[in-house]
Amino acid sequence: MDLKDLPKAYDAAAVEAGIFKQWESSGAFDPDGLEKLDPRYKEADPYCIVLPPPNRTGTLHLGHAKMLAVEDLLIRFYRMLGRKTYWVPGTDHAALATQVKVEQLLIKEGHKDPRKELGREKFLEKVKEFAQQSRDTIVSQCKAMGSSMDWKREKYTLDEERNRAVNEVFKMMFEDGLIERGYRVVNWDPVFQTTLSDDEVEHKETQAELVTFKYDKDFPIEISTTRPETKFGDTAVAVHPDDERYKKFIGQTFKANFCGKEISVKVVADPVVDPAFGTGALGVTPAHSMIDAELAERHQLPMVQVIGTDGKMMAEAGAGFSGLTIKEARQKIVETLEVNGCLIKKETVPQSLLIAQRGESPVEQLPLRQWFVRVNKPFKLRQDTLGRWQKGDEATLKDLMSFAVESKQIRILPESFEKIYFHWVNNLRDWCISRQIWFGHQIPVWYNGEKIEVGNESPGEGWERDPDTLDTWFSSGLWTFSTLGWPDKKAWGNNRGYHPTNVLETGYDILFFWVARMILMSTYVLGEIPFRDVYLHGLVRDEKGRKMSKSLGNVLDPLELIPKYGTDAVRLSLVMGTAPGMDQKLSEEKIKDFRNFTNKLWNISRYIMMTTAGVTKEQADEQWTKGPITLSDKWILSRLHEVQTNVTQLITEYQFSQAGELLRDFTWGDFADWYLEISKIEKNKDAILWHVLSRLLPMWHPFMPFVTEHIWSLIGDPRQLVVSPWPSSAHIRDEESEKEFAVIRNLITDIRRLRAEQGIEPASFVKINLIVDKDTARLIKENDSVVKQLARIETIDLVDSIPEGWPTAVSGKIVIGLNVASGLDIGKEKAKIEKEISGLKPYVESTTAKLSDKEFISKAPEKVVQGMQEKLDEAKMKIEALEKRLISLK
RNA sequence: GGACGUUUAGCUCAGUUGGUUAGAGCGUUCGAUUCACAUUCGAAAGGUCGCAGGUUCGAAUCCUGCAACGUCCACCA
């Protein structure tokens, strides 16, 4: 292509698809394919990230886009650094969420009760069909984002191999007594007809009617409740042990007739009861409240269920109420109490109602026979674990989860989330893993009368499989190692080096659901952590800070933004201007700004290609060895060195936004606005222009892969940028040149400002007088043409004091400078000038280089010196300690 | 009720262990324009870093208290 034909603006839409195809077919995304592209990957250390598998419930949103942008940045960075990178792609069947979604769709299509009408098999087919479509969309979206993962290695939480892992782990846990069947109070969703784990229910603020009453006229204690309909199931009244009002009743059992039903109520004392709330006495309903169930366990109270799974009153509620809905029963009870004279008062109180996470329907708590993972039960470890326990030692799952993070084997970033994690782990209750839905891993348990067998295959005639499926997080918990082949010995053996994975990058909103469960599963099954770092990114919100949701209509769709602004711009807008773990507001405006930047980079490159046409990169590198000539050369190379060092460090520390800002400031501020402009004045800069550009492009690649790869191909490097080495610095920092260049740069800026202030014609060249010291004078002379061209100056007179008769000698346009570093008395000189030249304000030179630390100390009072000395000593000790640790690690 | 987070320019946000004159982008104002890029260039204005105390030679940064907003957890019988 003729370089003159390069389009003026970068056209992302025209090149992205082709570039992606080329990457993919070259094998750059395949950890084994890398070796063919470059032998340096043969003996390379692995670097592995498993993709948090997107739910097959629809399409990807900007939160996913952010996840992909950050993970791809890491993967591309480490790939260029020479690590054998493996980004494991896959999707999640998201059991309940997907089934609910499909059910809603089917209802829209006219089905009244899709599950009943279609039956298990046909219904599941519908779900699978939907999940497949969703998967296809997700894959194409990931590709559009430029994500460098190898879809030939795609995994699915519900495929054959993952099913093997699930069954294997279930069996292990069953044998270790960690998975048990139990009749316990669980969260029940009457609409979706399934149990829910504690993490799948939410609280919603509502108003409720608090009713104060007595069970019957003769009952000695008044109680309050917002759930009168559950009171048929009361088996106790709990009071605080020190409550004088009720002390005399403690231990007694009363018979009562509650709205026609005989109940037996024991008065128990328990410190959880708040004597100040209501009447200070609490009606205990063990079957319909987890708190009451725990209370009942302590006091060995019987459990009476009165609400069924259909959300209606059961026979236990008595003849007049059986079959009524909760609402109907509640009203009727209050009426009955009133008629019987047992109602004391009614008041409205705020209440948080338990609702399902994926719906608006209230969740009931009722006792059911379900499968649970016991998190507090000690078991014998199957292998040495986390370097703390040996095979055969006893521990609980909770112990493992705590220790993995406590011991810093897993680092959670930002650190503040560690506290939240510990709090969650400490308060964790047994995990109900069985769901009464069809879409998911069916529980590998077979029943034959009282006999139970665990396995995927039927043990024989007369055995029936548990119809329930597993909580989706059970299979996602295995994700880090089930995707690497476990439990298949050969596949797992081949991938062993990738586990523990290096980083788990995800939104903080699934810290508990997923991250914690992966830690549980990995430490239990393998005795090792699933990942070293957990990097939590914030949520993407709209420009007003609201969550993006379809009902609000504020959803920005990545697939609409990409054709409009280019993938690189979308990615930058998700990575820049954000801090780890902090929510981010995103507007289209911001994406547009980054589109402008991709275009800037394009035009910088285009300019270099056009003006230095004919120079190959090799020639440039050869020329380069002759070394820099001018101050601006020394300066840009020193700056490049700084940027290279800092960007590399910042990315390894997950400070992507800062790394990007540094790069942008250098690219736009230093390189384009100054060095490129100077190159038009001082010639013979081709070599250095190429040199800087050929290092800028690789550094930008992880942030904006498409435009950089495109330019890279145009500048004639036969190797793809995606597998090119991360640039290492060939220079050292040259502080002296940086300081000197700053003097020139500030001088030019100051002159520009003064010109504007004095209303000087922008195009005109002027004569100026400068009062400067010797060093500055030398610098100005050495960079004469640069200063003159960029500041539009015809002649500069350098003087060390104000000449006699001046400025009348020079008519018209005058600029005056005072240099602090010259040692002149600023105040005196300023006054002098103001007196002599009326109407012109002298400016105080700002070109004086900032004091170095040494100079600062020498000028500072003694105490400051002391303080800084102490700090220096501290730093030295830290360095020593680090060195010691390094040696011991070696 | 418990915990955590946020509060910095008109807006969106950076600010790593306390350190020289607190930064960026957008927006605003003024100016430029065939010469890589109007998706551009130059310049300016704009901040008592939420409030009140404290520690320190020195605080946006550390400590205490308060306020507003937000998030999570628990619970309201």
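Each chain gets a letter, A, B and so on, in the order its sequence line appears, and its residues count up from 1. Note that the structure is a prediction, hence the values are computed from the model and not measured.
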Starting from C1' on C41(B), measure out to CZ on R753(A) and report it in whole angstrom.
18 Å

Backbone N or O of W700(A) within a donor-acceptor pair of the T708(A) side chain at under 3.5 Å?
no

With a 6.0 Å cut-off on ring centres, are F213(A) and F258(A) close enough?
yes

For D665(A), report the nucleic acid contact type (base, sugar-phosphate, nothing); a contact means any heavy atom under 4.0 Å.
nothing

Testing the 3.5 Å rule here: is there a donor-acceptor pair between the side chains of H299(A) and D270(A)?
yes

Rounded to whole angstrom units, what separation is found between the CG atom of N596(A) and the C1' atom of C41(B)?
14 Å

Within the structure shown, what part of the strands sits under 4.0 Å from R664(A) by heavy-atom distance: base, sugar-phosphate, or nothing?
sugar-phosphate

Look at all strands and tell whether T749(A) reaches a base, only sugar-phosphate, or nothing, counting heavy atoms closer than 4.0 Å.
sugar-phosphate

If you only use heavy atoms from C-beta on, which nucleotide in C75(B), C37(B), A77(B) is closest to the side chain of H203(A)?
C75(B)

Have a look at V273(A) and say if it touches a base, only the backbone sugar-phosphate, or nothing, with a 4.0 Å heavy-atom cut-off.
base

Under 4.0 Å between a side-chain N or O of W668(A) and OP1 or OP2 of C41(B)?
yes

Interatomic distance at C1', C41(B) relative to C37(B), whole Å
10 Å

What's K592(A) touching, base or sugar-phosphate or nothing? Going by heavy atoms closer than 4.0 Å.
nothing

Under 3.5 Å for both donor-acceptor distances, Watson-Crick or wobble: does G65(B) have a partner, and if so which one?
C51(B)

Using the C1' atoms only, state how far A45(B) lies from G31(B), rounded to an integer number of Å.
14 Å

Are the aromatic rings of F666(A) and W674(A) close, with centres under 6.0 Å apart?
no

Remember a base hit wins even if backbone is also touched, and classify I604(A) as base, sugar-phosphate or nothing at under 4.0 Å, heavy atoms.
base

Go through A36(B), A77(B), U71(B) for me and flag the one nearest to the R541(A) side chain.
U71(B)

C1' gap between A59(B) and U64(B), integer Å:
15 Å

Among the nucleotides C37(B), A77(B), A36(B), whichever has the atom closest to the side chain of N599(A) is C37(B)

Provide, to the nearest angstrom, the distance between the NZ atom belonging to K600(A) and the P atom belonging to U40(B).
7 Å

Heavy atoms from C-beta onward define the side chain here; which of U39(B), C26(B), U71(B) lies closest to that of E589(A)?
C26(B)

Would you classify E653(A) as touching base, sugar-phosphate or nothing, given that sugar-phosphate means primed atoms plus P, OP1 and OP2, and contacts are heavy atoms under 4.0 Å?
nothing

Partner set under salt bridge (charged side-chain N to carboxylate O under 4.0 Å, His left out) for E297(A), not counting sequence neighbours
none

Suppose you measure atom C1' in U40(B) against the same atom in A14(B); what distance do you get, rounded to whole Å?
26 Å

Comparing F277(A) and F513(A) on RNA chain B - which has the more 5′ nearest nucleotide
F513(A)

For atom P, what is the distance between A3(B) and G65(B), given to the nearest Å?
11 Å

Taking a pair as Watson-Crick or G-U wobble with both distances under 3.5 Å, which nucleotide is matched to C4(B)?
G70(B)

Considering only the C1' atoms, how many Å lie between A52(B) and U28(B), rounded to the nearest integer?
34 Å

Work out how far the P atom of G50(B) is from that of U7(B), and round it to whole angstrom.
7 Å

Crowding at CD, E653(A) (>12 non-hydrogen neighbours, <6.0 Å)
yes

Pairwise 5' ranking along RNA chain B for R429(A) and L676(A), keeping only the more 5' one:
L676(A)

Atom OH of Y607(A) and atom P of C35(B): how far apart are they, to the nearest Å?
12 Å

Any base atoms under 4.0 Å from I291(A), or only sugar-phosphate, or nothing? Heavy atoms, all strands.
sugar-phosphate

Which nucleotide wins on minimum distance to the side chain of R752(A), given the candidates G42(B), A36(B), A77(B)?
G42(B)

Expressed as a whole number of angstroms, how long is the span from E588(A):CD to C26(B):C1'?
15 Å

Of U39(B), C26(B), A36(B), the nucleotide closest to the side chain of N603(A) is A36(B)

Check the distance between U21(B)'s C1' and N746(A)'s CG and give it to me in whole angstrom.
12 Å

Taking only nitrogen or oxygen atoms into account, show me every contact under 3.5 Å that the protein makes with nucleotides 5-15 of chain B, one pair per line with its distance.
| from | atom 1 | to | atom 2 | distance (Å) |
| --- | --- | --- | --- | --- |
| C13(B) | OP2 | K585(A) | NZ | 3.0 |
| C13(B) | O2' | G577(A) | O | 3.0 |

Base, sugar-phosphate, or nothing for T598(A), non-hydrogen atoms under 4.0 angstrom?
nothing

Has the side chain of K8(A) got a donor or acceptor that lies under 3.5 Å from a partner of the other kind on the base of C37(B)?
no

Can you confirm if the aromatic rings of W424(A) and Y421(A) lie within a centre distance of less than 6.0 Å?
no

Spacing of L282(A) atom CG relative to C75(B) atom C1', expressed in whole Å
12 Å

Take atom CD in Q207(A); do more than 12 heavy atoms of anything else shown fall under 6.0 Å from it?
yes

Minimum-distance nucleotide to K231(A) side chain [options: C4(B), U39(B), A77(B)]:
A77(B)

Searching all strands shown, indicate the nucleotide that pairs with A22(B) (Watson-Crick or G-U wobble; both distances under 3.5 Å).
none

Quick test of your reading of the model: are D670(A) and R664(A) salt-bridged, counting only N-O distances below 4.0 Å?
no

Note: D593(A)-K590(A) ion pair, threshold 4.0 Å (strictly below):
no

Nearest whole angstrom, please: distance from the C1' of U71(B) to the OH of Y508(A).
6 Å

If we count only N and O atoms by modelled type, under 3.5 Å, do the side chains of N603(A) and Y10(A) hold a donor and an acceptor together?
no

Could you give the distance separating C51(B) and A36(B) at their P atoms, to the nearest angstrom?
49 Å

